[in-house]
Colleague: 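One structure, pasted below without further comment.
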Amino acid sequence: MIKIGAIFVPVRNVETAIEWYKEKLGLNHVGTWPGNTGADFYFTVEKQYLSLVKVEEKQEIEFAINAKHYNAYYNFTTTDIEAYHQHLQLKGVEVTEIKDHGPVMCFDFYDLDGNMFGVIVDK
C-alpha cells in the first residue's frame, strides 16, 4: 500500500454537508454522487480525498478509550496548529482546546453531524 485513497464520512444531509465542508474546511468539492447519495472532495495540496456518504441515522466515527475519553479515527495535519485552531473557531466550528502530548500537539473538531476529527502536528 502507498497511502489512504479516501476517507468516508457519514452525513445525514449531503447538500448541507457539502456547503459546510467547503466553507468551514476549505475543501474542494469535485462531484456529487447520483441521487445526492454522497459527495467527493479533495485537499488542495496533497490531493487526498474525503467522501461524504448519506446515511439515515448518525454513525459513530470515534471509539471509546475509556468511559470518559473518545478518540477520532481520523487525524488531519497542519503546519500551524494554533492558526488552524483559531481559523476553525472564527468559522464557527466546534473545537476542543489544544493539548500538548509531548512530541505532538492536537485538538479535535466536530462537523454538523457531530463527527469528530483530530488535528495533530509534530513538534
Colleague: When you group the ILVMFWY residues by side-chain heavy-atom contacts below 4.5 Å and let the links chain together, are L112 and M116 in the same group?
Modeller: no
Colleague: Answer yes or no: is there a side-chain heavy-atom contact under 4.5 Å between D122 and P103?
Modeller: no
Colleague: Apply side-chain hydrogen bond (donor to acceptor under 3.5 Å, both in side chains) to N13 and list each qualifying residue two or more places apart in sequence or on a separate chain.
Modeller: T16
Colleague: Within the distance-only criterion (no hydrogens, no angle test), does the side chain of Q48 pair as donor or acceptor with the backbone N or O of A6 below 3.5 angstrom?
Modeller: no
Colleague: On a heavy-atom basis, which atom in I18 and which in L52 lie closest, and how many Å separate them?
Modeller: N-CD1, 3.9 Å
Colleague: Is there a chain of hydrophobic side chains (I, L, V, M, F, W, Y, each step under 4.5 Å between heavy atoms) that links V121 to V119?
Modeller: yes
Colleague: Counting heavy atoms not belonging to I65, are there more than 12 under 6.0 Å from its CD1?
Modeller: yes
Colleague: Would you list the pairs meeting salt bridge (charged side-chain N to carboxylate O under 4.0 Å, His left out) in which at least one residue belongs to residues 29-38, sequence neighbours left out?
Modeller: none
Colleague: Going by heavy atoms in the side chains, are L88 and F107 under 4.5 Å from each other?
Modeller: yes
Colleague: Considering only heavy atoms from C-beta outward, does the side chain of E82 approach that of I98 to under 4.5 Å?
Modeller: yes
Colleague: Do Y42 and L50 have side chains that get closer than 4.5 Å, going by heavy atoms?
Modeller: no
Colleague: Please tell me whether Y110 and I7 are part of a single hydrophobic cluster in this structure, the criterion being side-chain heavy atoms less than 4.5 Å apart.
Modeller: no
Colleague: Using a side-chain heavy atom cutoff under 4.5 Å and only I, L, V, M, F, W and Y, what cluster partners does V104 have?
Modeller: I120
Colleague: Output all residues satisfying ring-ring contact (aromatic ring centres under 6.0 Å, His included) with F43, sequence neighbours left out; order by chain, then residue number.
Modeller: F76
Colleague: Can you list the residues that meet the ring-ring contact (aromatic ring centres under 6.0 Å, His included) rule with F109, with sequence neighbours excluded?
Modeller: F117
Colleague: Which pairs of donor and acceptor atoms, one on a side chain in residues 26-41, lie under 3.5 Å apart (sequence neighbours left out)?
Modeller:
| unit_1 | atom_1 | unit_2 | atom_2 | d |
| --- | --- | --- | --- | --- |
| N28 | ND2 | T44 | OG1 | 2.6 |
| H29 | NE2 | G31 | O | 3.2 |
| H29 | NE2 | T32 | OG1 | 3.0 |
| W33 | NE1 | D40 | OD1 | 3.2 |
| W33 | NE1 | D40 | OD2 | 3.0 |
| N36 | ND2 | E15 | OE2 | 2.8 |
| T37 | OG1 | P34 | O | 3.0 |
| D40 | OD1 | S51 | OG | 2.5 |

Colleague: Name all pairs fulfilling the salt bridge (charged side-chain N to carboxylate O under 4.0 Å, His left out) condition that reach into residues 83-109, sequence neighbours left out, sorted by first residue then second.
Modeller: D100-K123
Colleague: Is there side-chain contact between E56 and R12, with heavy atoms separated by less than 4.5 Å?
Modeller: no
Colleague: Only pairs at least two apart or in different chains count here, so list each salt bridge (charged side-chain N to carboxylate O under 4.0 Å, His left out) that has a residue in residues 19-29.
Modeller: E19-K22
Colleague: Can you list everything that forms a side-chain contact (heavy atoms from CB on, under 4.5 Å) with Q89? Sequence neighbours excluded, please.
Modeller: H85, V95
Colleague: Give me the atom names and distance for the closest heavy-atom approach of G114 to K58.
Modeller: O-NZ, 3.7 Å
Colleague: Would you mind reporting whether T79 and Y84 have side-chain heavy atoms less than 4.5 Å apart?
Modeller: no
Colleague: List in chain and number order the residues that pass ring-ring contact (aromatic ring centres under 6.0 Å, His included) with Y73, two or more places apart in sequence or in another chain; answer none if no residue qualifies.
Modeller: F63
Colleague: What's in the same ILVMFWY side-chain cluster as V55, cut-off under 4.5 Å, chained through other members?
Modeller: none
Colleague: Hydrophobic cluster membership, with links at side-chain heavy-atom distances under 4.5 Å among I/L/V/M/F/W/Y: are L25 and I61 in one?
Modeller: yes
Colleague: Do any pairs count as a salt bridge (charged side-chain N to carboxylate O under 4.0 Å, His left out) and have a residue in residues 60-81, sequence neighbours left out, and if so which ones?
Modeller: none
